[in-house]
Amino acid sequence: MVSLAAEGYNPANFIQDIINEDKQTGRHDGRVHTRFPPEPNGYLHIGHAKSICLNFGSAAFNGGLCNLRFDDTNPTKEEDEYVEAIKADVRWLGFDWDDRLFHASDYFDQLYEWAIKLIDKGKAYVDDLSPDEIREQRGTLTEPGKESPYRNRSVEENLDLFRRMKAGEFPDGARVLRAKIDMASGNINLRDPVLYRILHAEHHRAGSKWCIYPMYDYAHPLSDAIEGITHSICTLEFEDHRPLYNWLTEQVEVPDRPQQIEFARLNLTNTLTSKRGLRRLVQEGYVGGWDDPRMPTLSGVRRRGYPPEAIRSFCGEVGVAKTNSLVSFAQLEHSVREFLNRTAPRMMAVLRPLKVTLTNYPEGQTEEFEVENNPEDPAAGTRPVPFSRTLYIEQEDFMEEPPPKYFRLAPGREVRLKGTYFIKCQEVVKDPATGQVVELRCTYDPETRGGEAPDGRKVKATIHWVSAAHAGDATVRLYDNLFLTENPAEGGDFIANLNPKSLETLTGCKVEPGVAGAAPGSRYQFLRHGYFCIDPDSTPETLVFNRTATLRDTWAKVSGK
RNA sequence: UGGGGCGUAGCCAAGUGGUAAGGCACGGGACUUUGGAUCCUGCAUUCGUUGGUUCGAAUCCAACCGCCCCAGCCA
């Protein structure tokens, strides 16, 4: 039985190979315990989804557990607003941490005790050098660093100074606690890395209890150890930190040392996946907020209408490896369409209305047709759709001078109105001032009721429609890539790569009456258009729809549009 | 010029000495009351390069080339 969390998890990856081997050799007593460790300094994005699916998915797949842990070691950057949003996003994606919600800040006391232990062992020291001096003495990529003059202080003096750091006797930046490892190491992370810094700042959870805070490199491996994590999965840029990770768990002598494993983060074409960059888009007003449907944040794609199931299967499909990669956005859209095609109820919506009068249809008459809700899923049933003399069809479904291979309506041409009758265009009414086509006067063939002609004649197109008197009004937001370039972060300023046409808002759209009253978040397929999702901005009078994704459009290819 | 990684199709990615999975994209055809979906079908004589080992190499060895990451008291 595969749990929901493991659904979509693709075990064909090198991390699963490691887990398999560990289970076989009995490492970690055969346990698998992972964690997803976000810093609450921004909103989760699609890149985090890959990590969430990997951590929760691999744990579930292997009969293990996955914790949610907030890596809140820097009080100057972290806020409660973010922790709540992150929890909501992880839940929405479909994962559950049960009672295993943790914070690195839960461990500050233990972490402090272990720092004392390191000092006692002569493995850590208080350094009085300024940040600039430490940087200067760290050396360069090719030159070794210099040892600090404070490196060989006595254990007693270090203990005293560290306690006084904690007691608040020194200002920010005055001193730090450093690990004593190797200033000549080729790995810069091993050149006596800073373990604790002084920060007189209010912590979102710990309040003002502390004025010294552990660095990520110190807190992370030890938090993993405290939680009994077996496989600590992180991204490639931390590969260089692994020796330090191992050094720390060895020095504090924890019983079952966790192992860090690195994989390549997700990059998507035409999208920005850096918290810093996304924050800038929000703060400088390039988008409407973290949940703007153009944002790759989980809150953004949710509002856009992406189903969590689609994101999970996408994460399984792209796999997990160590190669830096840039996944095509089309791959994500494929997963979204694949899920929505199976599940989204169909609806007819006319985005750019063109009035059609059926001249031979009795005035004042209304018929109801039962139309299938989803041809992919007969169990979805049918819905009644009202039909009358005056209708709207899509402007682009008529051409006065149709090019070859255009099968839709044209003067004298017959097409099928989805689910109802064949209609034939008899007359084109134009605005005398502008020459714009404002109305089509057509006849319908009563013999074709239901959409088939008894005489066997065929029609080359079926178009969607909506009854003018019954239709609801809607605003429709059409979204396109936020960025014009494949890799917006590459080179200079990504702001220059912003797509000025990433949002087009259509008003006066006409939708089937059946959608009235639907809740925000409801997803539909608008026939021949794509998938749409009701936005919370909707009012009782006017629904607002966000386009999730278009349908594949082979006519666009043929016509070269 | 130090350290750590990575190179399999346009994009992802399996493959772990026995003769290149799969998905996306793309092309062709069938079917179609969504120009959707579905269904067939095509798409790497070759795995960064060059040598070597072997009956046999994407897999082992060597050298070279290319790309990514690291010099926060950020994570």
Side-chain angles (χ1 to χ4, degrees), chain A residues 10 12-13 17 37-39 41 71 73-74 76-77 127 129-131 134-136 138-145 172-178 184-191 193-199 213 215-217 219-220 234-243 262 264 266 269 275-276 314 316-335 337-338 341-342 346 348 371-372 374-376 405-408 416-420 422 450-452 459-464 486 525-530 550-559:
Chain A
N10 179 357
N13 69 72
D17 294 345
E39 182 189 14
N41 68 341
D71 216 331
T73 57
N74 185 345
T76 65
K77 294 190 173 175
D127 196 343
L129 255 27
S130 72
I134 287 182
R135 184 176 358 96
E136 283 160 19
R138 187 154 23 227
T140 68
L141 296 179
T142 54
E143 298 163 300
D172 288 3
R175 287 177 227 263
V176 289
L177 183 72
R178 288 230 254 174
S185 174
N187 182 343
I188 291 175
N189 295 295
L190 262 20
R191 318 240 262 229
V194 172
L195 267 23
Y196 269 91
R197 76 286 216 185
I198 300 171
L199 243 30
Y213 290 92
M215 298 287 289
Y216 164 87
D217 279 324
H220 204 89
C234 64
T235 44
L236 252 29
E237 67 270 28
F238 293 104
E239 220 152 12
D240 287 345
H241 298 236
R242 193 170 61 226
E262 312 83 13
L266 173 69
T269 57
K275 274 194 200 167
R276 183 194 136 272
F314 166 73
E317 279 162 19
V318 297
V320 179
K322 298 191 69 159
T323 315
N324 286 312
S325 60
L326 181 59
V327 177
S328 156
F329 193 84
Q331 182 101 35
L332 210 207
E333 281 203 310
H334 160 77
S335 296
R337 291 193 185 105
E338 196 274 331
N341 177 50
R342 282 160 30 214
R346 312 287 124 128
M348 291 191 284
V371 180
E372 66 212 337
N374 187 342
E376 302 300 312
K405 302 225 177 121
Y406 180 89
F407 304 139
R408 284 109 96 156
R416 173 166 42 229
L417 252 26
K418 171 70 183 179
T420 60
F422 286 6
E452 301 282 358
V459 102
K460 287 191 108 171
T462 299
I463 66 174
H464 62 275
E486 271 215 334
Q525 184 199 97
F526 285 169
L527 242 53
R528 304 203 302 132
H529 280 301
T550 61
L551 250 27
R552 285 187 56 210
D553 186 355
T554 50
W555 166 243
K557 273 176 202 163
V558 172
S559 65

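Below, all heavy atoms of this structure are taken into account, side chains as well, without hydrogens, waters or symmetry copies. Everything numeric here is computed off the predicted structure, so don't read it as measured data.
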Tell me the stems RNA chain B sits in, counting at least three consecutive Watson-Crick or G-U wobble pairs, each under 3.5 Å on both distances. B:2-7 with B:65-70, B:10-12 with B:22-24, B:26-30 with B:38-42, B:48-52 with B:60-64

For [X], report the nucleic acid contact type (base, sugar-phosphate, nothing); a contact means any heavy atom under 4.0 Å.
X	value
A:K405	base
A:V459	nothing
A:M215	sugar-phosphate
A:E452	base
A:P243	nothing
A:S328	sugar-phosphate
A:L129	base
A:L141	base
A:E39	sugar-phosphate
A:T554	sugar-phosphate
A:R138	sugar-phosphate
A:R416	base
A:H220	nothing
A:V194	sugar-phosphate

Do [X] and [N] share a donor-acceptor pair, side chain to base, under 3.5 Å?
X	N	value
A:Q525	B:rU34	yes
A:D553	B:rG35	no
A:E376	B:rG36	yes
A:R408	B:rG35	yes
A:E262	B:rG5	no

Can you tell me which nucleotide in B:rC24, B:rA13, B:rA37 comes closest to the side chain of A:T323?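 Shortest atom-to-atom distance from the side chain points to B:rA13.
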
Among B:rC12, B:rC70, B:rG23, which nucleotide sits nearest the side chain of A:I188?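 Taking heavy atoms from C-beta onward, the closest nucleotide is B:rC70.
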
Drop me the distance from A:F526's CZ to A:T550's OG1, to the nearest 0.5 angstrom.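 Reported value, rounded in 0.5 Å steps: 14.0 Å.
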
Just jot down the side-chain hydrogen bond (donor to acceptor under 3.5 Å, both in side chains) partners of A:R552, sequence neighbours excluded, or say none.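 For A:R552, no residue satisfies side-chain hydrogen bond (donor to acceptor under 3.5 Å, both in side chains) once neighbours in sequence are set aside.
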
A:K322 or A:E372, whichever maps to the more 5' nucleotide of RNA chain B: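 With A:K322 and A:E372 compared, the 5'-side residue is A:K322.
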
Using heavy atoms to find the nearest nucleotide of RNA chain B for A:A264 and A:I198 separately, return the residue whose nucleotide is more 5′.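 Counting from the 5' end, the first nearest nucleotide belongs to A:A264.
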
For the residue pair [Y] / [X], report whether a side-chain donor-acceptor contact shorter than 3.5 Å exists.
X	Y	answer
A:E39	A:N41	yes
A:N187	A:S185	no
A:T235	A:E262	no

A:Y213 and A:L199 have their tightest heavy-atom pair at CE1-O, 3.3 Å

Can we call the ring centroids of A:H241 and A:H220 under 6.0 Å apart? no

Verify the ring-centre separation between A:F407 and A:W555: is it less than 6.0 angstrom? no

Roughly how many Å is it from CD in A:E239 to P in B:rG4, rounded to a whole number? 11 Å

Nearest-angstrom distance from the residue atom CG of A:N10 to P of B:rC12: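 Checked: the CG to P distance equals 17 Å.
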
With sequence neighbours excluded, residues passing side chain to side chain contact (heavy atoms under 4.5 Å, CB included) with A:T140: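 In terms of side chain to side chain contact (heavy atoms under 4.5 Å, CB included), with neighbours along the sequence ignored, A:T140 is linked to A:T142, A:E143.
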
Kindly state whether the pair A:W555 / B:rG35 counts as stacked, where counting means centroids closer than 5.5 Å and planes tilted less than 30° apart.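 So yes, this residue stacks on that base, both cut-offs being met.
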
Using the P atom on both, measure B:rA57 against B:rG22 and round to a whole Å. 24 Å

